Amino acid sequence: MNNLGKVELHLHLDGSLDLKTAYHLAMERNVIDESWTMEQFTEKMTVPSDNPSLEECLKCFDFPIAIMQDKEALSECTYTLIRNLNDLGLIYAEIRFAPQVHMQKGLTQDEVIEAVLDGKNRAEKDFPNIKTGIICCCMTYGNAKINEEANLETIRAARRWLGKGVVAADLAGAEGLCPMLDFKPLFDLAKELELPYTIHAGEAGPASFVKDAMDMGAWRIGHGGHSADDPEVMKEVIEKKMTLEVCPTSNIQCHCQPSYEEHAIIKLYRAGARVTINSDNMTLSRVTTHTEIDKALTRMGFTEADIRKMTEYAIEAAFLSDEEKAELMKKI
Ligand SMILES: [Zn+2]
């Protein structure tokens, strides 16, 4: 089993914090007071049940965001997450976060990224078996104009750190509240700057959003489950060899997919789509790479050979050089 879950392409830093680290930092920063027990804190950081509302899911990000507003906290949270991934036996992980939500105490997006990279560099030095890449997320809050300047700055800042630990950009947040194409200026700029990017699309939003993301030049699709709802879009996903970063438990918790057994990736994978299995938010969803693979094996009808194929898809689509990919391939 440990042999199978070695690569993660879709993992959010704020949803995957090490609980002890987060508890300690929250106490230090007066996000919580001494009356809080670890159990109470854990409850607030994780979805309350198997069937939470979207509001309950989003509430789980309140503490992580409140905690990570200074360089030390950003660095420490990144470090301990990578340490935990190393403990799980992962050899490669792309970790994503949105620099613009960590500016409440005056950090610039560049300073936020620098702090995360500090944690990444320290972790990779201490745990040489794991390699990581950082993805900087733009955010959608329902109207592309609200934070367009902050999003453009995310693209510019990500480009400044490209090759120094940052590997790509992304668009995350509340998908489906406004047209996907409203975000085109962000990806026009990324293209101009030769910054690679993945886009959350077809998670909560319709198949047409996956089509839009492909039209905007996405290198990969975050989730993409709903591409299975439209035969034309699904055909294009397969023909273009788009890699889908699917997170089964997260999709079910957020009511984007009905169940493991009826998850759209089963149909997508069988039809030839390049599906990969990821955690999304390890702490929030109480999952790991291994529990997700276990679900794929026990409830989604996939075989170990299928999982191996998906790991190959993940490595082939990683934001890495061909040499680095070849190195990883040897290790799986
Ligand atoms: Zn995500």
Side-chain angles (χ1 to χ4, degrees), residues 7-17 45-47 52 54-62 64-65 68 77-78 81 85 90 93-102 116 132-142 151 154 158 166-177 180 183 186-187 196-206 209-210 213 218-227 242-257 263-265 268 275-289 291-292 295 310 314 317-319:
V7 176
E8 269 276 348
L9 296 184
H10 195 120
L11 190 63
H12 292 264
L13 170 65
D14 46 7
S16 306
L17 298 189
M45 295 276 287
T46 55
V47 287
L54 182 63
E55 211 184 4
E56 285 173 312
C57 284
L58 291 177
K59 267 208 145 331
C60 296
F61 290 109
D62 289 353
I65 291 178
M68 290 191 285
C77 288
T78 308
L81 170 58
L85 298 177
L90 268 71
E94 290 177 4
I95 300 167
R96 60 188 75 197
F97 77 107
Q100 65 189 271
V101 306
H102 303 284
V116 165
T132 59
I134 301 296
I135 297 175
C136 296
C137 302
C138 298
M139 291 300 293
T140 162
Y141 297 116
N151 279 339
T154 300
V166 169
V167 294
D170 177 28
L171 173 66
E175 188 200 1
L177 301 177
M180 178 61 89
F183 298 95
L186 307 179
F187 299 108
Y197 47 94
T198 176
I199 300 178
H200 278 71
E203 177 189 14
F209 278 31
V210 177
W219 290 39
R220 302 194 314 234
I221 300 294
H223 302 283
H226 285 294
S227 59
M242 290 303 296
T243 298
L244 306 179
E245 311 155 357
V246 183
C247 311
T249 299
S250 166
N251 292 157
I252 296 161
Q253 284 177 340
C254 298
H255 307 281
C256 298
Q257 292 291 330
H263 198 296
I265 59 165
L268 283 159
V275 165
T276 65
I277 292 189
N278 307 277
S279 302
D280 215 7
N281 298 295
M282 286 188 173
T283 307
L284 184 149
S285 293
R286 287 177 281 192
V287 297
T288 66
T289 319
T291 62
E292 291 303 274
K295 289 288 192 302
M310 292 177 195
F319 293 117

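Computed from a predicted model, the values in this text were never measured in an experiment. In each ligand, atom 1 is the first atom listed, and ligand 1 is the first ligand listed.
For the Zn ion (ligand 1), the N/O/S atoms of Cys247 include none lying under 2.8 Å. None of the N, O or S atoms belonging to Asp170 lies under 2.8 Å away from the Zn ion (ligand 1).
For the 3.5 Å distance criterion, the side chains of Glu292 and Thr249 qualify, holding a donor opposite an acceptor.
Within the 3.5 Å criterion, the main-chain N or O of Ala314 finds no donor-acceptor partner in the side chain of Thr276. Using a distance-only test at 3.5 Å, with no hydrogens or angles considered, a donor-acceptor pair links the side chain of His200 to the main chain of Leu171.
For His12 atom NE2 and His10 atom NE2, the angle they make at the Zn ion (ligand 1) is roughly 100°, to 10 degrees.
In Asp280, the N, O or S atom that comes nearest to the Zn ion (ligand 1) is OD1.
Minimum interatomic distance between Thr283 and Leu17 (heavy atoms only, all atoms of both residues): OG1-O, 2.6 Å.
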